Amino acid sequence: MTTAAAPPFLPFALPDIGEEEIAEVVDTLRSGWVTTGPKAKRFERDFVAFLGDDTLQALAVNSATAGLHLALEAVGVGPGDEVITTTHTFTATAEVARYLGADVVLVDIDPATLCIDVAAVDAAITPRTKAVVPVHFAGLAADMTALLALARRHGLRVVEDAAHALPTTCGGQWVGTLGSDATVFSFYANKTITTGEGGMVVTRDEAIAKRIGVMRLHGMSRDAFDRFNTTVPSWYYEIVAPGYKYNLTDIAAALGLQQLRRAHAFQQRRAALAAQYDAALAGLPLVLPPQPAPGDVHAWHLYALRLADGAPIGRDALIAGLFAAGIGCSVHYIPLHLQPYWRDRYQLTPAQFPHSQHAYERSLSLPLYTRMNEADVQRVAAAVRQLLS
Ligand SMILES: *Cc1c(COP(=O)(O)O)cnc(C)c1O
């Protein structure tokens, strides 16, 4: 008796770590300097060069969550303030405002882009509103022109959650250079570049950069690297605030240095795979992911599609069928208004977020990463087609 070998499981996400990354990490391990030091500094410099704007400052941190916390702290978010963000995101986007004692005001999304609805932000502004945190969902830029104009009219601070958006453009400008107060990128394992865990905050504001530089390492007035490279005695430091332990290690920065060099090639590969999905899934009862404006770059962190109304099976059955076929997938996101903490704290109901709720009930994200090939895309698309027939 012969049995056909089942095809290997196709994971939802995989990092793309090459020999250059491995060599850079080994070099760090042999160097004797494993925590924040010369490679973290170089990673920050390279990040500014990557964005092509030397009026920016980049601050490496050990996660985007840490970066969002530091950025909101640096723009002055505190008890009694309100921070407006999208319900259609990961909890990290919102939880950081709670760390600071501020309240979170969740708003609905634009159903076309799944990014924050700027009109809903406008309607949610109160005298307590301090800041707005947009998310560039899946790697497609939010409507930053309208959002920044609204924020300027109301004197609000803007911190971009750009965890999906490396590299992304908005009106031809790189996310990170758009004119918000700070932009925060993630290098978590499944993001478009990874350091295992890590993040980067970029800002043009000298005061914000200085504050984050201090608060990311215990509120010390200078970090360990500078301490050993100035004429100030090496043992001397001052504590100016009760800061955090959010610095990025040189081991992680070593990975980041080499990943960043490949970021444009990674984006091109992801965009090509997304286009292959678009072609292979055309004509099915699906709402395919929105495209960027002509000439703009989409980072394609996620390939998140939605079942069309009237599709023959539901989202949960489709995901179960794909897993049975050996294909990993995910859902982005279970909106925050459905999560017990956020729902109960702010007495939220799905009726307040009709677009996010509608998207959630029909959404699934297919595997999309640089180590996939076209045969993988065709295999996933064939499984989707079969389950929908
Ligand atoms: C991944 C992610 C984060 C958190 O990033 P970490 O680096 O894991 O802290 C925040 N917001 C969004 C939208 C994310 O996808």
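Just follow the structure's listing: the first ligand is 1, and inside any ligand the first atom is 1. By convention here, the first residue in the shown sequence is residue 1. The structure displayed is predicted, hence computed values, not measured ones. Computed over heavy atoms, backbone and side chain alike; hydrogens, waters and symmetry mates excluded.
Cation-pi check for R315 over Y360 is met; the charged atom lies under 6.0 angstrom from the ring centroid and within 45 degrees of its normal.
Note: H332 and F137 fail the aromatic proximity criterion, with ring centroids not under 6.0 Å apart. Outside the 6.0 Å centre-distance limit, the rings of H136 and W300 are not counted as a close aromatic pair. Residues F187 and F43 bring their aromatic ring centres within 6.0 Å.
Using a 4.5 Å heavy-atom threshold, the side chains of L307 and E361 count as separate.
For ligand 1, one of its N or O atoms has an N or O atom of Y333 under 3.5 Å away. Checked by distance only, ligand 1 and V135 stay at 3.5 Å or farther apart across all their nitrogen or oxygen atoms.
Within the listing of ligand 1, atoms 13 (C) sit less than 4.0 angstrom from a heavy atom of T89. Of all the atoms in ligand 1, the ones that sit under 4.0 Å from a non-hydrogen atom of T65 are 4 (C), 6 (P), 9 (O).
Of the protein's heavy atoms, K191 NZ, 2.8 Å lies nearest to atom 2 (C) of ligand 1. At the shortest separation from atom 15 (O) of ligand 1 among protein heavy atoms lies H164 NE2, 2.8 Å. The protein heavy-atom contact nearest to atom 8 (O) of ligand 1 is Y188 CB, 3.7 Å. The nearest protein atom to atom 10 (C) of ligand 1, hydrogens excluded, is given as D161 OD2, 3.5 Å; this is a heavy-atom distance.
Ligand 1 has G198 within reach: a non-hydrogen atom of the residue lies less than 4.0 Å from it. Ligand 1 does not have F137 within reach: every non-hydrogen atom of the residue lies 4.0 Å or more from it.
Taking CZ of R345 as the start and CG of D103 as the end, the distance is 5.5 Å to the nearest 0.5 Å.
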Would you check, one step at a time, whether the test side-chain contact (heavy atoms from CB on, under 4.5 Å) holds for H69 with Y246?
CA-CA 10 Å; H69 182 197; Y246 282 166; 2.8 Å; yes

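One finds no salt bridge joining E24 and R30 here, because no Lys/Arg side-chain nitrogen approaches an Asp/Glu carboxylate oxygen to under 4.0 Å.
Under 4.0 Å from ligand 1, heavy atoms of S63 appear from its side chain as well as its backbone. With a 4.0 Å heavy-atom cut-off, ligand 1 is reached by no atom of F185.
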